[in-house]
Amino acid sequence: MNDSQGEPRGGISRRGFLAGTGAATAVAGVTSELAPATAAQPGAAPAHGPGPVLLQLTVNGQKVNTNVEPRVTLLDALRNYLDVTGCKRVCDRGTCGACTVTVNGRTVYSCTMLALEARGMDIRTAENLGGAKLDAVPAAFVDNDAQQCGFCTPGFVVSLRAALDKNPNATPEQVEAALAGNICRCGTYEQMRHAIVQLCKKGG
Amino acid sequence: MAEGWPKKRRILGTKVKRIDGPAKSTGFAKYSYDINRKGMLQGAVLRSPYPHAKIKSLDTTAARKTPGFKGLVIIAPMPLWLVVKAEGDTLEIKSIPNKKKKEKEIRRTVKVTPTVTILRANKIVKLADLKVDDQVQVEVEQDVVGRELFFVGDEILAVAADTEEHAKDVLRAIKIEYQELAFVVSIEEVLKNPDKKTTPGPQPGNITPGKEFFKGQAADLEAAFKNSDATAEGTYGVPVISHQCLETHGLVAEWDAEGGLTVWASTQATINVMNGLAGRFNIPPTKVRCITHYMGGGFGSKFAPYPEGFAAADLARRAGAAVKIMLDREEEITTAGNRPSAIGSVKIAGNKDGSITGFSIDCHGTPGFTGGATVNLGLLPYIYADGIPTFKRIHTVAYTNAGGARAMRAPGHPQNCVLTEFAVDDLAGKLGIDPLIVRRKNLPPNNPKADKISWAGRRNTVYNEQLDLATKLAGWKEKWHPPGKGKAGTVKHGIGMAIHTWGGFAAGGATPNECHVIINKDGSVTAESSTQDLGTAQRTVTAIVTAEILGLQVSDVVVKIGESQYGYSTGSGGSTTCPAQAPATLLAAQNARNELFKKVAPKLNADPKDLVIEPGKVVDTKNKKEWAWKEFCARLGMDEAKGKGEWSLAISNEPGNENISSGQVGGVQIAEVLVDSETGVVRAKHIVAVQDCGLVVNKLACESQVAGGVIMGLNYALFEENILDKVTGRQVNPDMEFYKLGGLGDMPKITVHMMDMPERGVIGIGEPPTISTAAAIGNAVFNALGVRVPFLPLTPKRVLDAIAKGGAK
């Protein structure tokens with residue numbers, strides 16, 4: 001499971017935000033920075049949106065800027081506005097894990113986080129594990145053929161890398177548990193287990 | 001007769017890593033969904049919210065004024081018309097009748113308003129620009145009023161906007177009214193009121209009644225049921241399920257200034273998409289380029305442009321910008337195909353020696369509102385039809401107001417397998433014998449007239465060998481116990497098996513599949529084909545075959561696939577891609593090699609006949625000389641050596657080519673399960689899959705694909721089902737949290753054994769290994785409990801219900 005699940009991130013949820021704006025009322029627990037201004041809140045911070053707002057992120061070590069509406073998720077900001085497409089949109093509601101990225105080192109389903117919530121944060125996607133030097137995790141997926149169509153694979157790879165970073169001595173069982181929030185349709189789980197064993201032998 | 005596969009194989013059949021593995025696992029591979037073109041617009045589709053309705057009114061005025069609005073198309077065919085008169089605000093047009101179809105000319109007069117769109121040569125034109133006899137397409141938005149919609153999700157129109165967010169705003173601003181009509185989403189209701197018609201198609205009601213098929217005479221069957229040692233009866237069923245491709249259906253479309261169309265499509269058939277779009281927009285196929293470099297799963301559901309693809313291309317031509325439409329998850333599940341259900345009442349009779357004496361089945365299934373052919377229950381009794389002396393079957397197609405079916409991985413076979421193999425084990429239970437005995441006894445015989453290396457000529461022998469291997473790998477002898485008679489305890493252990501077959505073909509069809517291999521003067525090698533890699537490692541197959549023939553390493557070959565301009569290739573269906581493309585690549589590489597020898601030999605005072613390739617070099621066997629590969633290729637000077645390979649069904653059937661590619665395989669699977677009799681939860685512990693597949697090209701990918709098939713079968717057995725609400729007609733689980741798919745923690749250990757039969761050439765195995773898994777798991781649960789859980793998925797409720805009816809406590 002992604003370790004951010006079930007824990008409040010101190011921000012607001014996508015659903016909560018949409019419900020709040022839909023009803024044109026302030027949402028309980030919203031940080032002042034993002035709270036929609038209403039007549040009931042004199043002196044509240046200026047409203048964001050509905051038009052585009054400046055979004056600054058650090059993605060895979062590079063500072064990037066774009067403008068997105070407040071309703072845009074982190075996933076959509078990365079894919080549609082920043083052309084970072086290693087995170088995939090599959091279920092778009094926090095079930096399948098294909099959009100998994102790390103935000104300040106913690107795994108997050110990027111479809112369940114608003115882009116503005118991640119302002120100024122350090123975002124890492126699967127691309128961070130490739131390029132000039134292939135990280136041991138995707139390398140183990142390649143060695144063991146733990147991917148077919150490959151659409152779920154970047155999400156699995158990010159989750160697995162984060163699990164091993166958190167606990168370099170994790171057992172295969174612990175790593176499997178860390179991947180419970182990711183779904184593969186082609187059925188590459190048997191080969192994934194081979195990859196996990198290879199990685200655990202190496203100590204991450 | 002072709003030269004064939006090399007006798008000594010250096011790379012073929014070994015474990016080769018996917019050449020695109022690093023790009024795919026780190027997100028650098030660009031799938032169609034990932035394509036972002038400059039100035040690209042985002043599309044979205046307006047769909048019926050009702051299972052059956054008529055459109056009463058449509059008003060797009062507000063939608064067209066919504067910020068970011070860039071275009072709107074009605075989703076409907078757009079025939080060509082001829083202009084008769086274009087004056088003032090009135091356009092008069094006449095149809096272009098197809099004389100072969102004896103169509104009559106239709107005339108129409110259209111008052112041109114802002115919601116009427118006229119296109120000539122794929123460009124929007126004004127009425128004033130038209131001349132008599134111009135060929136035009138005319139879209140009258142109000143024509144949509146009165147259209148009948150047949151399922152929740154039925155396409156009405158599509159819009160484009162500058163952002164996805166705005167596209168959704170535009171959809172929300174459309175004012176549309178519906179007249180709701182009577183509908184049916186449950187198969188039981190269809191059977192109760194067979195004359196009630198709520199679906200399109202030629203059938204008078206919602207049913208296409210089946211025709212009874214008999215082997216033997218009615219009296220024989222009656223006698224079998226009366227006189228045999230035991231009979232078993234049961235009603236078994238499998239649900240409608242979705243393909244759940246992780247990359248949804250859709251494409252990005254972009255027109256160029258010369259009227260050419262490029263699409264990045266998530267498809268199993270680049271050539272079909274090219275032809276489909278060319279036909280739709282009345283341009284030659286050579287002006288359409290379909291690109292599918294990477295593809296996120298299809299499983300049989302992605303063979304055409306489909307409504308969303310046509311709409312994206314249409315929006316793009318009108319807007320003069322690239323347009324992307326990819327379905328969202330709900331659209332993917334409810335509109336992009338399904339595997340039809342099957343429910344069958346079965347009676348089976350047999351004797352103590354294990355022989356099945358008679359079999360009858362009355363079954364039905366629903367494909368949704370269309371796609372009746374994919375129900376395909378005509379294989380019953382599966383596997384054993386040749387072995388059983390007398391049987392009858394009848395199957396009925398029941399149409400419902402749900403999204404239509406499309407082929408899904410081994411269409412028809414998983415359903416046929418469950419309906420037959422459940423009955424076989426129930427009969428074995430009644431006879432009090434090991435179901436392995438029943439299977440061995442009723443296997444189809446070898447056909448003495450068929451070629452000895454063909455499937456028909458050796459199927460009995462192969463199945464018996466597979467049963468030997470599978471039972472040994474699974475520990476059948478030690479682990480099998482009579483149904484419900486395992487060790488005491490609340491968690492029951494069970495083991496079950498099932499058998500499958502798959503026809504397949506030795507190539508894609510009549511049109512030859514092409515591959516082109518080019519050897520350059522610097523020794524670099526490129527292999528080109530329009531074939532697509534769905535996750536089957538077809539890109540790597542192309543590299544393996546080319547490298548094998550040219551004495552190179554797999555990494556030395558640059559593979560360019562997934563682009564329609566590289567010549568014909570078959571759509572990836574029926575497990576025919578590898579048997580069509582690997583031989584085409586083989587021939588291309590051999591022809592390129594021959595061309596290289598012919599061009600270079602004179603420069604080296606050698607005879608091409610004396611030249612052979614060895615790893616990394618070319619050897620003159622007569623003059624005992626050799627050149628490193630690059631050194632040899634350098635002699636091409638400013639030239640290059642090209643080879644084309646072609647492979648079709650007809651070529652594969654030529655004498656002497658039976659060792660190059662084949663169709664038809666069989667497989668045996670054994671599942672071991674643990675069933676918690678208190679919670680009803682079924683866990684698969686171990687699944688053994690023994691599969692024959694001819695000449696193995698890449699053992700690593702082959703094993704991975706078989707394991708993947710097993711897992712898809714396990715999901716079918718335990719988790720998946722499209723559940724429709726009878727009151728609203730909507731699917732209640734069009735998502736990934738309530739439409740269940742197993743995760744890593746749900747997976748058993750999977751043991752794959754590939755039976756290598758190189759003498760049969762290459763055979764595709766995408767489909768076969770997913771067929772028998774669900775039946776094997778269902779039989780293992782029967783073995784655990786001593787009572788049949790008759791319907792898939794085997795949910796805790798169904799298991800507990802079955803136990804309550806008298807299973808193991």
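Just so we're on the same page: letters track the sequence lines, and every chain starts at 1. What you are looking at is a predicted structure, and each value in this text was computed from that prediction instead of being measured.
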Part of [X] within contact of chain A (heavy atom distance under 4.5 Å):
{"X": "B/Glu332", "value": "neither"}
{"X": "B/Ala537", "value": "neither"}
{"X": "B/Met295", "value": "backbone"}
{"X": "B/Leu246", "value": "both"}
{"X": "B/Pro67", "value": "neither"}
{"X": "B/Ala29", "value": "backbone"}
{"X": "B/Lys30", "value": "side chain"}
{"X": "B/Glu720", "value": "side chain"}
{"X": "B/Asn715", "value": "side chain"}
{"X": "B/Glu330", "value": "neither"}
{"X": "B/Phe299", "value": "side chain"}

Quiz item: Do B/Asn733 and B/Gln731 have side-chain N/O donor and acceptor atoms under 3.5 Å apart?
Solution: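 On atom types as modelled, these side chains qualify, holding a pair under 3.5 Å.
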
Self-check item: Polar contact flag, side-chain donor to acceptor under 3.5 angstrom, B/Thr531-B/Gln538
Solution: no

Quiz item: When rounded to the nearest 0.5 angstrom, what is the spacing between CG in A/Asn167 and CG in A/Leu164?
Solution: 8.0 Å

Practice problem: Drop me the distance from A/Leu74's CG to A/Arg119's CZ, to the nearest 0.5 angstrom. | Solution: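 The CG atom of A/Leu74 sits 13.0 Å away from the CZ atom of A/Arg119.
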
At a 4.5 Å cut-off on heavy atoms, which part of [X] comes close to chain B: side chain, backbone, both, or neither?
{"X": "A/Ile183", "answer": "both"}
{"X": "A/Cys96", "answer": "side chain"}
{"X": "A/Thr95", "answer": "side chain"}
{"X": "A/Gln147", "answer": "both"}

Practice problem: For each of B/Ser25, B/Gly297, B/Gly27, tally heavy-atom pairs with chain A at distances under 4.5 Å, and name the one with the top tally. | Solution: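 Looking at each option in turn, the highest pair count goes to B/Ser25.
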
Quiz item: On the ring face of A/Tyr109, is A/Arg93 found with NZ or CZ under 6.0 Å from the centre and within 45° of the axis?
Solution: no

Quiz item: Do B/Lys324 side-chain atoms and B/Tyr33 backbone N/O form a donor-acceptor pair below 3.5 Å?
Solution: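 Indeed, once roles are kept as given, a pair shorter than 3.5 Å links the two residues.
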
Practice problem: Give the member of A/Glu173, A/Arg89, A/His194 that has the highest number of heavy-atom pairs under 4.5 Å with chain B. | Solution: A/Arg89

Quiz prompt | Residue among A/Arg185, A/Lys88, A/Arg193, A/Glu190 with most heavy-atom pairs under 4.5 Å to chain B | solution =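 Between A/Arg185, A/Lys88, A/Arg193, A/Glu190, the count favours A/Arg185.
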
